[in-house]
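See structure below.
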2 protein chains.
Amino acid sequence: MATIKDVAKHAGLSVTTVSRYLNHHPYITEEKKEKIKLAMKELDYSPNSAATQLRSNKSFTIGIIVSRITNPFFAYLIDSIEKVVKKTNYHTLIMQTYDNKDEELRLLNMLKQKHIDGIIMASIENDLSVIEQYEQYGPIVITGDISLSSSTLPVVGTNQENATYRAILYLIEKGYTDIAYCTGGEFKETKHGSSRNRGYIKALQDNNIPLNFDRIYKNIHTINDGEEIAKSILNLDKEKWPRAIFAGSDEVAAGMIKTFMQNEVNIPEEIAIMGYDNQPLSEMLSIPLSTVSQPIDKIGIETTNLLMSYLNEREYIVNKEALELDIIVRSST
Amino acid sequence: MATIKDVAKHAGLSVTTVSRYLNHHPYITEEKKEKIKLAMKELDYSPNSAATQLRSNKSFTIGIIVSRITNPFFAYLIDSIEKVVKKTNYHTLIMQTYDNKDEELRLLNMLKQKHIDGIIMASIENDLSVIEQYEQYGPIVITGDISLSSSTLPVVGTNQENATYRAILYLIEKGYTDIAYCTGGEFKETKHGSSRNRGYIKALQDNNIPLNFDRIYKNIHTINDGEEIAKSILNLDKEKWPRAIFAGSDEVAAGMIKTFMQNEVNIPEEIAIMGYDNQPLSEMLSIPLSTVSQPIDKIGIETTNLLMSYLNEREYIVNKEALELDIIVRSST
DNA sequence: TTGAAAGCGCTAACAG
DNA sequence: CTGTTAGCGCTTTCAA
């Protein structure tokens with residue numbers, strides 16, 4: 001491959017001038033610009049990105065951490081982020097943790113190695129205190145729930161406690177009181193639990209419904225997890241069934257609906273199901289799904305703008321109004 | 001940030017020795033290894049990846065080109081590829097073209113800039129002759145249909161002409177003769193058209209069914225495209241409806257089913273619909289979808305192994321048996 | 001408006 | 001087994 005030196009020689013100029021041309025500096029005569037352009041074309045020149053990075057100490061790459069790209073929520077979020085990034089001179093590096101702590105650390109380390117200039121974290125495995133350690137190597141923006149804001153890290157968050165509260169309240173007002181609950185994480189009845197858990201607990205409390213731990217399903221993520229839960233419910237005597245299930249994600253809800261349908265259970269008459277995310281598939285299921293919609297696109301845009309503002313040392317005020325969650329009612333509840 | 005020089009100084013050794021340690025060379029005493037390890041820890045050292053790349057002339061990154069990450073087919077393919085890559089010392093760079101030629105060229109250029117060492121192309125916009133130009137800068141492996149093999153580029157392909165032929169044949173044998181057809185690209189009645197197009201044309205020919213261009217829908221990709229087609233059919237007099245639609249993807253099929261259901265059209269009695277990809281959602285739709293299943297996981301594994309073999313100058317024989325497509329019959333046909 | 005030269009952090013001859 | 005040193009391709013003073 002031709003280098004900047006070759007171009008300079010070919011054009012009868014110094015590397016400095018060629019470098020200036022490359023970086024759109026002023027003070028180059030049109031005549032020399034033409035010469036350089038020609039030399040570059042003739043030598044099929046492309047700047048070596050490693051050299052540029054080494055010298056400028058910037059990679060012009062931002063990392064996006066998600067747990068898994070096959071989750072449509074993350075796929076759409078990435079898509080939204082990329083569309084913003086594409087307008088800048090930055091690239092995007094997508095990184096999956098598969099819910100693994102060490103994998104997340106490996107990715108955070110890329111910041112230290114200057115492989116990436118900044119990070120958007122859409123999923124979080126390690127303690128915030130651990131993640132904060134990496135902030136010294138470059139800006140990190142978290143996107144998810146506003147309750148993560150307790151840390152020093154900037155957060156573009158939605159109010160999932162409130163959304164979950166409203167979703168459960170809706171179910172209660174519909175007449176369902178025995179409401180099962182799925183979470184992607186753990187479930188501890190403390191103030192420090194996940195925000196969605198808090199919304200669930202509070203909605204029950206406010207309506208004098210006792211919390212029943214037999215109704216809590218933990219570490220639930222996939223379609224398959226949903227199928228398993230449905231199966232376990234089918235194994236119960238009918239009078240022991242919950243009357244409604246808050247699935248935590250549309251995928252989990254889809255898995256449940258599939259299994260219940262196969263076993264000729266009527267939804268919502270025999271059991272109601274509520275999803276989360278309002279993915280495209282949710283309105284196409286055999287039983288269109290009631291769910292919580294997240295403004296993925298806007299979340300992506302606000303998060304990226306915020307990170308870019310740190311990278312460019314500018315100010316950016318996040319438009320919080322854009323980040324409201326909605327309860328979408330369809331026929332599964 | 002600490003550099004290798006700082007570590008060397010701190011450990012009372014030369015940079016060479018530290019570099020050797022970093023690269024797992026033999027001939028270093030345990031004692032010095034310990035010293036280096038300690039110095040690295042104390043200085044919070046991480047090698048600068050740009051410097052390593054510049055010096056070694058390798059980025060240890062492979063690019064994956066897809067048209068859009070929100071298409072679950074690509075999301076799952078990427079997932080499969082990443083799982084293989086993760087076992088090596090390479091990273092992955094995911095690149096979306098959004099079906100845009102120039103964008104694709106921009107990405108191919110990253111090979112020239114040494115930003116990536118090799119590319120897996122899961123979607124193709126430019127002519128193969130254009131893409132071949134970039135092979136000189138690093139290995140490019142194409143994954144898709146075997147008919148792409150006409151080029152000099154290595155291809156890990158499935159036989160989509162045959163799968164489409166079998167799918168259309170299945171519809172014909174079911175009694176449907178007026179079969180509409182959607183393609184993501186163009187439709188020209190030539191030998192050089194896309195392989196799926198050829199499968200469709202051949203199946204009709206072999207059964208003496210005339211080709212009707214009014215039944216061909218071009219550049220169809222998304223759920224929304226499916227909805228639009230369904231709407232346009234609903235606008236036709238009922239006797240002018242096609243009896244079946246080969247949708248080209250499960251997403252398009254899902255969009256159609258949604259719209260037809262909303263308009264109380266019975267599927268498959270009034271119109272049959274066939275998808276492509278066998279995505280998880282296909283068995284969960286209100287009308288479970290007949291479709292063509294692709295062994296995404298195996299495609300990803302074989303493609304990655306092949307690219308890696310070029311990168312490491314080894315031999316690799318693709319397991320073609322693993323790449324068979326199947327017709328999945330559910331209730332939409 | 002242009003060029004010479006130093007050096008970013010690392011690796012790999014080469015010499016010992 | 002270890003160290004000296006010359007670059008990899010580029011940007012950026014500094015001087016002209």
Side-chain angles (χ1 to χ4, degrees), chain A residues 1-37 39-40 43-61 89 109-117 137-138, chain B residues 1-37 39-40 43-61 89 109-117 137-138:
Chain A
M1 271 302 298
T3 73
I4 198 175
K5 214 167 157 182
D6 301 324
V7 174
K9 201 173 292 172
H10 199 87
L13 294 165
S14 73
V15 278
T16 315
T17 309
V18 179
S19 172
R20 284 220 186 83
Y21 172 81
L22 241 24
N23 295 284
H24 308 106
H25 279 238
Y27 310 136
I28 315 180
T29 50
E30 273 309 320
E31 180 207 343
K32 312 223 156 150
K33 276 189 189 168
E34 286 308 319
K35 271 192 188 167
I36 294 173
K37 214 183 289 180
M40 286 185 173
L43 296 174
D44 187 32
Y45 170 79
S46 260
N48 177 309
S49 61
T52 312
Q53 280 178 41
L54 175 59
R55 190 55 232 235
S56 67
N57 207 22
K58 285 195 128 200
S59 67
F60 290 101
T61 303
N89 50 344
N109 249 304
M110 295 179 78
L111 201 56
K112 203 164 149 186
Q113 297 170 200
K114 297 271 169 201
H115 200 114
I116 51 185
D117 294 340
Y137 306 117
Chain B
M1 271 300 299
T3 73
I4 197 174
K5 213 167 160 180
D6 300 324
V7 174
K9 201 172 292 174
H10 199 86
L13 294 165
S14 74
V15 278
T16 315
T17 309
V18 178
S19 172
R20 285 219 184 83
Y21 171 83
L22 239 27
N23 294 284
H24 307 105
H25 279 237
Y27 311 136
I28 314 179
T29 51
E30 273 309 318
E31 180 207 342
K32 312 219 156 150
K33 277 189 189 168
E34 285 308 317
K35 270 191 188 167
I36 295 171
K37 214 182 290 180
M40 286 184 172
L43 296 173
D44 187 32
Y45 170 79
S46 261
N48 177 308
S49 60
T52 312
Q53 280 177 41
L54 176 59
R55 188 56 231 231
S56 67
N57 207 22
K58 286 196 125 199
S59 65
F60 289 101
T61 303
N89 49 346
N109 249 306
M110 296 178 78
L111 201 56
K112 202 163 150 187
Q113 298 171 198
K114 295 272 166 203
H115 200 114
I116 50 185
D117 294 340
Y137 307 117

Legend entry - Test side chain to side chain donor-acceptor pair (under 3.5 Å) applied to B:Ser14 and B:Thr17, step by step: CA-CA 6 Å; B:Ser14 74; B:Thr17 309; 3.2 Å; yes
Inset, instruction - Please test B:Ile36 against B:Leu22 for side chain to side chain contact (heavy atoms under 4.5 Å, CB included), starting from the C-alpha separation and ending with a verdict. - result: CA-CA 10 Å; B:Ile36 295 171; B:Leu22 239 27; over 6 Å; no
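Distances were taken from every side-chain heavy atom of A:Tyr27 (C-beta onward) to each of C:dT11, C:dT2, C:dC8; the shortest belongs to C:dT2.
A:Tyr45 comes within 4.0 angstrom of sugar-phosphate atoms only, judged by non-hydrogen atoms across all strands, and of no base. A:Thr29 comes within 4.0 angstrom of the backbone, heavy atoms only, and of no base. Among the protein residues, A:Ser56 comes within range of no part of the nucleic acid, since none of its heavy atoms lies under 4.0 Å from any strand. Within 4.0 Å of A:Asn23, counting heavy atoms only, lie sugar-phosphate atoms of the nucleic acid but no base atom.
Residues B:Met40 and B:Tyr21 meet the side-chain proximity criterion, which asks for heavy atoms closer than 4.5 Å. Side-chain atoms of B:Lys114 and B:Ser59, non-hydrogen and from C-beta on, never get closer than 4.5 Å to each other. Within the 4.5 Å cutoff, side-chain heavy atoms of A:Lys33 are placed close to those of A:Glu30. Within the 4.5 Å cutoff, no side-chain heavy atoms of B:Thr16 are placed close to those of B:Ser19.
C:dG9 atom P lies 15 Å from atom CD of A:Gln113, rounded to whole Å. For the pair B:Leu43 CG and C:dG9 C1', the computed distance is 15 Å after rounding to whole Å. Distance B:Leu54 CG to C:dT11 P: 11 Å, rounded to the nearest Å. Following rounding to the nearest Å, B:Lys58 (NZ) and C:dA12 (P) show an atom-to-atom distance of 12 Å. Taking atom CG of residue B:Asn57 and atom P of nucleotide C:dA12, one finds them 11 Å apart after rounding to whole Å. Atom NZ in A:Lys9 sits roughly 12 Å away from atom P in C:dA4 (whole-Å rounding). Here C:dT11 presents its P atom at 10 Å from CG of B:Asn48, a figure rounded to the nearest Å. The interatomic distance linking B:Arg20 (CZ) with C:dC10 (C1') rounds to 14 Å, in whole Å.
Between the CG atom in B:Asn89 and the NZ atom in B:Lys58 there is a gap of 7.5 Å [rounded to 0.5 Å]. Atoms NE2 and CZ, from B:His25 and B:Arg20 in turn, are 7.0 Å apart once rounded to the nearest 0.5 Å. Interatomic distance, A:Lys32 NZ to A:Lys35 NZ, rounded to the nearest 0.5 Å: 6.5 Å.
At a cut-off of 3.5 angstrom, the base of C:dG7 holds at least one donor-acceptor pair with the side chain of A:Arg55. Applying the 3.5 Å distance criterion, the base of C:dA12 shares no donor-acceptor pair with the side chain of B:Ser19.
Note that the first and last nucleotides of DNA chain D, 5' to 3', having any atom under 4.0 angstrom from a heavy atom of chain B are D:dC1 to D:dG9.
Between its two ends, the helix from C:dT1-D:dA16 to C:dG16-D:dC1 turns its axis by 40°, counting five pairs per end and rounding to 10 degrees.
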